[in-house]
Amino acid sequence: MKLSIVVPVYNVEKYIVKCINSLLNQNFYDYEIIVIDDGSPDRSIEILQKNIFDDRMQIVHQENKGLSGARNTGLSLSKGEYVWFFDSDDWVSENCLASIVKKLVDCDICVFTHYIREKESGESEDCVACDNTPIETGRELSMGKYVYPAQFYIYRRGYLLEKSLLFTTGLYHEDNLFTPIALYQAGKVVKYDAPVYHYLMREGSITHNISPKRCLDLMCIILALVEFSTKNILEKDRYLWGNCIAQSMNGLLFHTLLQEKNVQNEVSKFVGSHREILPYLCHAKKPNTRVLGYLSLYLHFSLWTLYKIFAKVRY
């Protein structure tokens with residue numbers, strides 16, 4: 001079998017039929033769809049079972065483990081040479097799988113260079129997932145422009161298993177950790193240029209949930225990325241690859257602005273006690289982030305205080 005498509009399902013009863021129908025409305029047949037019912041409390045699975053009958057689709061039930069746990073379950077059950085982690089509120093264009101699969105030859109990763117950002121109002125726009133710089137390996141891509149969400153990549157299953165690459169369970173922003181590590185260790189990468197992936201921007205999704213946990217999880221992710229960088233990234237690559245650390249730090253500081261005082265104090269202590277993060281900020285691609293890094297590293301200003309000042313001026 002060429003391709004396994006893993007679709008975690010949780011509270012998507014409005015979207016799941018459109019998602020799965022789009023994956024089945026293809027003129028290519030050498031694939032499977034593994035639907036992971038992640039303990040969904042709504043009628044997603046009931047609606048799916050009433051509306052769709054197809055041998056290419058199997059439904060697996062499990063207690064709620066979160067998005068990462070559902071993806072890991074799907075990976076463990078997959079039989080395809082390649083695996084695609086697909087979001088259950090998104091969809092793909094008709095008859096695109098055949099051309100996508102043609103790209104999946106002797107590569108570890110296929111990356112979608114474009115996608116279509118959809119809004120529930122019906123508005124849509126074509127977005128770029130990575131730049132047009134020629135790349136041949138995941139290492140090169142990991143030091144360039146790319147996006148984090150796992151749905152914009154198709155991975156060779158054997159590669160993921162060889163490197164023991166799994167999604168860390170229990171985290172928000174899990175792709176901020178998974179994607180940079182998975183890209184850096186990959187061999188050949190190919191690009192798929194046609195915008196066929198429709199990415200739904202909806203307010204009820206995890207990415208729009210504001211909570212202290214997002215800050216706590218981003219702190220864990222930043223430390224894990226720094227550890228991976230120290231142990232596995234070539235010195236000449238460290239700060240180009242480490243832009244992912246700077247971006248996660250930007251995300252942490254931005255979300256912290258929206259939190260209560262006790263969370264802000266916790267984040268302030270975190271950034272103050274982990275000065276090993278600051279060199280990554282000094283080499284960030286965003287000029288503002290580099291300024292924050294230099295002022296904090298060399299003039300010993302509080303990073304959190306500086307960020308609040310910058311944010312007040314900017315907004």
Side-chain angles (χ1 to χ4, degrees), residues 2-8 15 18-28 31 33 67 71 80 82-156 159 173-176 178-180 182-184 186-202 205-208 240-241 243-244 247 250-251 285-286:
K2 190 67 175 181
L3 180 64
S4 295
I5 304 175
V6 176
V7 186
Y15 315 102
K18 182 175 184 177
C19 169
I20 300 301
N21 269 334
S22 78
L23 292 171
L24 292 171
N25 194 16
Q26 303 292 328
N27 54 4
F28 173 80
Y31 69 104
I33 301 170
L67 180 59
R71 286 173 173 173
Y82 288 86
V83 179
W84 190 1
F85 301 103
F86 202 95
D87 273 9
S88 54
D89 51 0
D90 299 339
W91 65 96
V92 291
S93 299
E94 183 178 354
N95 293 333
C96 66
L97 277 188
S99 62
I100 291 172
V101 167
K102 286 180 181 178
K103 288 282 188 178
L104 305 180
V105 179
D106 298 327
C107 64
D108 285 339
I109 297 174
C110 175
V111 54
F112 291 88
T113 63
H114 293 75
Y115 63 95
I116 303 166
R117 185 160 58 191
E118 304 279 1
K119 297 180 181 179
E120 295 197 70
S121 64
E123 297 177 70
S124 64
E125 58 180 314
D126 183 10
C127 296
V128 180
C130 65
D131 61 28
N132 293 320
T133 304
I135 57 151
E136 295 183 357
T137 67
R139 170 179 164 268
E140 291 174 300
L141 180 57
S142 74
M143 295 187 289
K145 179 185 176 184
Y146 62 92
V147 293
Y148 294 99
Q151 61 265 35
F152 300 124
Y153 303 89
I154 297 177
Y155 290 95
R156 184 171 63 83
Y159 163 66
H173 304 285
E174 63 284 326
D175 294 345
N176 282 37
F178 179 86
T179 300
L183 292 184
Y184 188 78
K188 182 181 176 182
V189 169
V190 297
K191 294 181 178 181
Y192 186 82
D193 294 323
V196 298
Y197 192 101
H198 298 258
Y199 175 57
L200 182 64
M201 306 288 292
R202 62 184 179 95
S205 64
I206 293 174
T207 54
H208 287 83
L240 279 176
W241 179 88
N243 188 62
C244 63
Q247 286 190 290
N250 279 332
K285 292 179 180 178
K286 291 184 177 179

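Reckoned from all heavy atoms, side chains included, excluding hydrogens, waters and symmetry mates.
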Asks: Please round to the nearest 0.5 Å and tell me the distance separating atom CG of Leu3 and atom CG of Leu23.
Replies: 9.5 Å

Asks: Answer yes if the ring centres of Phe85 and Tyr153 are under 6.0 angstrom apart, and no otherwise.
Replies: no

Asks: Might you point out which heavy atoms bring Lys145 and Asp131 nearest each other, and give the distance in Å?
Replies: CB-OD2, 3.6 Å

Asks: Would you find more than 12 non-hydrogen atoms of other residues, nucleotides or ligands less than 6.0 Å from Lys285 atom NZ?
Replies: yes

Asks: Rounded to the nearest 0.5 Å, what separation is found between the CG atom of Asn243 and the CE atom of Met143?
Replies: 12.0 Å

Asks: Could you walk me through whether Val92 and Ile100 pass the side chain to side chain contact (heavy atoms under 4.5 Å, CB included) check?
Replies: CA-CA 11 Å; Val92 291; Ile100 291 172; 5.9 Å; no

Asks: Is Glu136 atom CD crowded by more than 12 heavy atoms from other residues, nucleotides or ligands, each under 6.0 Å away?
Replies: no

Asks: Within the side chain of Ser88, is there an N or O that forms a donor-acceptor pair under 3.5 Å with the backbone of Pro8?
Replies: yes

Asks: For the residue pair Phe86 and Trp84, categorise the inter-ring angle as parallel (less than 30°), tilted (30 to 60°) or perpendicular (more than 60°).
Replies: perpendicular

Asks: Heavy-atom distance under 4.5 Å between the side chains of Val111 and Leu183, does that happen here?
Replies: no

Asks: Evaluate side chain to side chain contact (heavy atoms under 4.5 Å, CB included) for Cys96 paired with Tyr197, printing each intermediate quantity in order.
Replies: CA-CA 9 Å; Cys96 66; Tyr197 192 101; over 6 Å; no

Asks: Drop me the distance from Glu125's CD to Met201's CE, to the nearest 0.5 angstrom.
Replies: 8.5 Å

Asks: Given side chains that start at C-beta, do those of Val128 and His114 come closer than 4.5 Å, heavy atoms only?
Replies: yes

Asks: Compare all side-chain heavy atoms of Lys2 with those of Tyr82 and state whether any distance is below 4.5 angstrom.
Replies: yes

Asks: Between Tyr148 and Gln247, is a side chain to side chain donor-acceptor pair (under 3.5 Å) present by the stated rule, with each step listed?
Replies: CA-CA 11 Å; Tyr148 294 99; Gln247 286 190 290; 2.7 Å; yes

Asks: Give, for atom SG of Cys110 and atom NZ of Lys188, the distance between the pair rounded to the nearest 0.5 Å.
Replies: 11.0 Å

Asks: Using only atom types and a distance under 3.5 Å, with no angle test, would you say the side chain of Tyr159 pairs donor to acceptor with the backbone of Ala186?
Replies: yes

Asks: Between Pro180 and Ser142, which heavy-atom pair has the shortest distance, and what is it?
Replies: O-CB, 4.3 Å

Asks: Quick one, Leu141 and Ile109 - any side-chain contact, counting heavy atoms below 4.5 Å?
Replies: no

Asks: If you look at every heavy atom in Tyr146 and Cys244, which pair is closest and at what distance?
Replies: OH-CB, 3.7 Å

Asks: Identify the two heavy atoms, one from Ser124 and one from Ile116, that lie closest to each other, and give their separation to 0.1 Å.
Replies: CB-CG2, 4.0 Å

Asks: When you measure from the side chain of Asn25 to the backbone N and O of Glu94, does any donor-acceptor pair fall under 3.5 Å?
Replies: no

Asks: Verify the ring-centre separation between Phe112 and Tyr199: is it less than 6.0 angstrom?
Replies: no

Asks: Passes side chain to side chain contact (heavy atoms under 4.5 Å, CB included), Ile135 versus Lys191? Steps please.
Replies: CA-CA 9 Å; Ile135 57 151; Lys191 294 181 178 181; 3.5 Å; yes

Asks: Is Asp106 salt-bridged to Arg156, cutoff N-O under 4.0 Å?
Replies: no

Asks: Would you please test Asn21 and Trp91 for side chain to side chain contact (heavy atoms under 4.5 Å, CB included) and show each step?
Replies: CA-CA 8 Å; Asn21 269 334; Trp91 65 96; over 6 Å; no

Asks: Looking only at non-hydrogen atoms, find the nearest pair between Asp175 and Pro149 and report the distance.
Replies: OD2-CA, 3.3 Å

Asks: Out of curiosity, Phe28 CZ to Asn95 CG, how far, rounded to the nearest 0.5 Å?
Replies: 12.0 Å

Asks: Answer yes if the side chains of Gln151 and Tyr115 hold a donor-acceptor pair under 3.5 Å, and no otherwise.
Replies: no

Asks: How about Tyr192 and Ser99: do any of their side-chain heavy atoms sit closer than 4.5 Å?
Replies: yes

Asks: Return the minimal non-hydrogen interatomic distance between Glu174 and Leu67, and the atom names on each side.
Replies: OE2-CD2, 3.3 Å

Asks: What's the separation between atom CD1 in Ile33 and atom SG in Cys19, rounded to the nearest 0.5 Å?
Replies: 8.0 Å

